[in-house]
2 protein chains.
Amino acid sequence: MVMLRQGMQHVRNYYNSEPQMMRSSFSQPFISRTYKTSFLKPKSKAEIKVLAAKKHSEAEKRRRMRINGQYETLRNILPNIIKKDKASVLAETIKQVKELKKKVSKLEQDSSTNPSKDVVKFPSGAEKLRLERCNIEEGLVKATLSCEDRPELMQLISKAVGSANTKLVKAEIVSVGGRTRSVLWVQGLGNDGMGMLKSHLRTALHKPRSFQ
Amino acid sequence: MVMLRQGMQHVRNYYNSEPQMMRSSFSQPFISRTYKTSFLKPKSKAEIKVLAAKKHSEAEKRRRMRINGQYETLRNILPNIIKKDKASVLAETIKQVKELKKKVSKLEQDSSTNPSKDVVKFPSGAEKLRLERCNIEEGLVKATLSCEDRPELMQLISKAVGSANTKLVKAEIVSVGGRTRSVLWVQGLGNDGMGMLKSHLRTALHKPRSFQ
DNA sequence: TACCACACGTGAGTC
DNA sequence: TGACTCACGTGTGGT
């Protein structure tokens with residue numbers, strides 16, 4: 001039942017552009033023009049009707065071709081189409097559009113909760129510390145800090161996180177031009193946990209450069 | 001020239017299901033059944049032809065309805081469609097599919113070069129170190145390492161990266177159950193830089209727990 | 001054979 | 001008025 005109608009359009013064009021039923025009436029104009037000026041373009045009512053019909057059918061043909069062309073591009077765009085008939089093409093299109101939409105919203109959701117969008121964010125010049133809840137159900141808190149780059153910074157940070165009795169789920173660090181921007185994803189904070197973590201991180205940030 | 005054809009389908013259904021030209025011939029069967037048994041279902045050639053035509057046109061109508069239903073769902077799925085006619089719907093569909101495809105490939109590209117997809121990757125039990133070029137034009141190298149979690153690890157790593165004369169563009173660390181998985185994006189490696197970086201990182205990984 | 005998908009010309013509607 | 005879009009029934013070829 002699988003149908004492959006690749007070139008059917010061409011096969012089906014068996015009608016010539018001027019159907020026979022119309023041809024007979026086209027000899028008429030020459031007769032009338034023998035005694036009437038061609039500027040007036042005299043036409044019998046039947047003649048007018050036939051010409052209009054011809055025009056109409058030609059316009060309709062153009063319309064069909066326009067639509068069929070778009071079916072063709074759809075057939076080319078969509079991957080894995082077996083049945084090439086119009087209904088199947090439309091069905092497959094609908095399916096694909098839905099899938100693509102779902103995929104996009106999923107990917108966009110990911111990139112909004114993930115650090116991907118922070119890739120372009122470089123450390124700012126100012127000393128900064130910011131905490132925000134980013135997933136309430138999972139109790140996930142995102143801490144963003146920007147400060148001078150120091151070798152012992154990671155130790156200080158991990159100690160700060162540890163002392164707040166939390167779990168560091170994920171950390172992301174960008175260091176550029178002697179400055180560092182860190183984003184931490186922390187889990188397991190109690191009600192007053194955020195304030196505690198913040199103060200711990202603040203002391204870590206402002207600790208003077210160690211001896212080492 | 002903007003066309004709003006929301007409910008045109010309903011307006012256009014002015015034909016009843018049995019066109020007039022067919023009705024006259026439907027009175028025929030009753031006459032023949034007066035002297036022939038209805039089991040044989042006697043049909044004149046004309047009768048057969050008309051019935052076949054009816055069947056055909058009905059099938060064609062079903063086909064049209066199937067296709068038009070799909071146009072309708074497309075109209076509903078696609079956002080921001082002004083012109084509701086078939087050709088415009090198809091054109092808009094093609095446009096949207098192309099856009100969605102581009103969007104998806106872009107987002108997928110992002111998530112493959114970005115750490116997003118590593119979110120689910122937790123530190124493995126085995127000691128691991130792997131380097132790979134992930135962007136040849138930019139000379140970007142991705143180093144993935146998995147080892148026991150130690151407080152001084154980040155210092156060791158940053159020293160290793162620094163001694164290889166490179167720039168740490170980005171770092172990502174996940175610590176779970178006493179183990180750490182780190183992913184480093186390093187830039188500015190020479191031809192033999194990768195080997196050097198690897199050996200430096202290896203020694204950092206296997207360094208015994210410091211006094212501190 | 002019957003069924004299916006299609007292109008066609010046409011009548012009718014909208015703008 | 002004319003340009004357009006649509007649904008319709010039909011003829012035809014392919015399965």
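None of these values were measured; they are calculated from a predicted model. Here is how names work: the chains are called A, B, and so on, in the same order as the sequence lines, proteins then strands, and each is numbered from 1.
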Take atom [atom1] of [X] and atom [atom2] of [N], then tell me their distance rounded to the nearest Å.
{"X": "B:Lys83", "N": "D:dA3", "atom1": "NZ", "atom2": "C1'", "value": "12 Å"}
{"X": "B:Lys54", "N": "C:dA2", "atom1": "NZ", "atom2": "C1'", "value": "18 Å"}
{"X": "A:Ile48", "N": "D:dG2", "atom1": "CD1", "atom2": "C1'", "value": "14 Å"}
{"X": "B:Leu51", "N": "D:dT10", "atom1": "CG", "atom2": "P", "value": "12 Å"}
{"X": "A:Asp85", "N": "D:dG14", "atom1": "CG", "atom2": "P", "value": "17 Å"}
{"X": "B:Glu58", "N": "D:dT10", "atom1": "CD", "atom2": "P", "value": "11 Å"}
{"X": "B:Ile82", "N": "D:dT5", "atom1": "CD1", "atom2": "P", "value": "15 Å"}
{"X": "B:Met65", "N": "C:dA5", "atom1": "CE", "atom2": "P", "value": "15 Å"}

As a test of reading the structure: which of [options] is closest to the side chain of [X], going by heavy atoms?
{"X": "B:Arg63", "options": "D:dC8, D:dT10, C:dC6", "value": "C:dC6"}
{"X": "B:Lys55", "options": "D:dC8, C:dC3, C:dC8", "value": "C:dC3"}
{"X": "B:Arg66", "options": "D:dA3, D:dT10, C:dA5", "value": "C:dA5"}

* Should A:Glu72 and A:Arg75 count as an ion pair when the cut-off is N to O under 4.0 Å? ->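 Yes, A:Glu72 and A:Arg75 are salt-bridged.
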* Test: B:Arg62 and B:Glu58 ion pair at under 4.0 Å ->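 Looking at B:Glu58 together with B:Arg62, the answer is no, because their closest N to O distance does not fall below 4.0 Å.
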Quick check on [N]: is either OP1 or OP2 less than 4.0 Å from any side-chain nitrogen or oxygen of [X]?
{"X": "B:Asn68", "N": "D:dC6", "value": "no"}
{"X": "B:Lys61", "N": "D:dC8", "value": "yes"}
{"X": "B:Arg62", "N": "C:dC4", "value": "no"}
{"X": "B:Arg64", "N": "D:dC6", "value": "no"}

* To do: Would you mind telling me which residue lines up with the more 5' stretch of DNA chain D, A:Ala59 or B:Lys49, judged by nearest nucleotide?
  =>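 In this pair, the answer is A:Ala59.
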* Main-chain N/O of B:Lys84 paired with B:Ser88 side-chain donor or acceptor, under 3.5 Å ->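 Side chain of B:Ser88 to backbone of B:Lys84, a donor-acceptor pair under 3.5 Å: no, none is there.
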* **Side chain A:Gln70, main chain B:Ala87, donor-acceptor under 3.5 Å** =>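 Yes, A:Gln70 side chain to B:Ala87 backbone: donor-acceptor pair under 3.5 Å.
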* Any donor-acceptor pair under 3.5 Å joining the side chain of B:His56 to the base of D:dG11? ->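 Between D:dG11 and B:His56, which were checked side chain against base, a qualifying N/O pair under 3.5 Å is present.
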* Asked: With no angle test and no hydrogens, is the base of C:dC6 tied to the side chain of B:Glu60 by a donor-acceptor pair under 3.5 Å?
  ->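 Result: at least one qualifying N/O pair found.
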* To do: Taking all non-hydrogen atoms of both residues into account, name the closest pair between A:Leu131 and A:Met194 and its distance.
  =>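 Closest approach of A:Leu131 to A:Met194, heavy atoms only: CD2-O, 3.5 Å.
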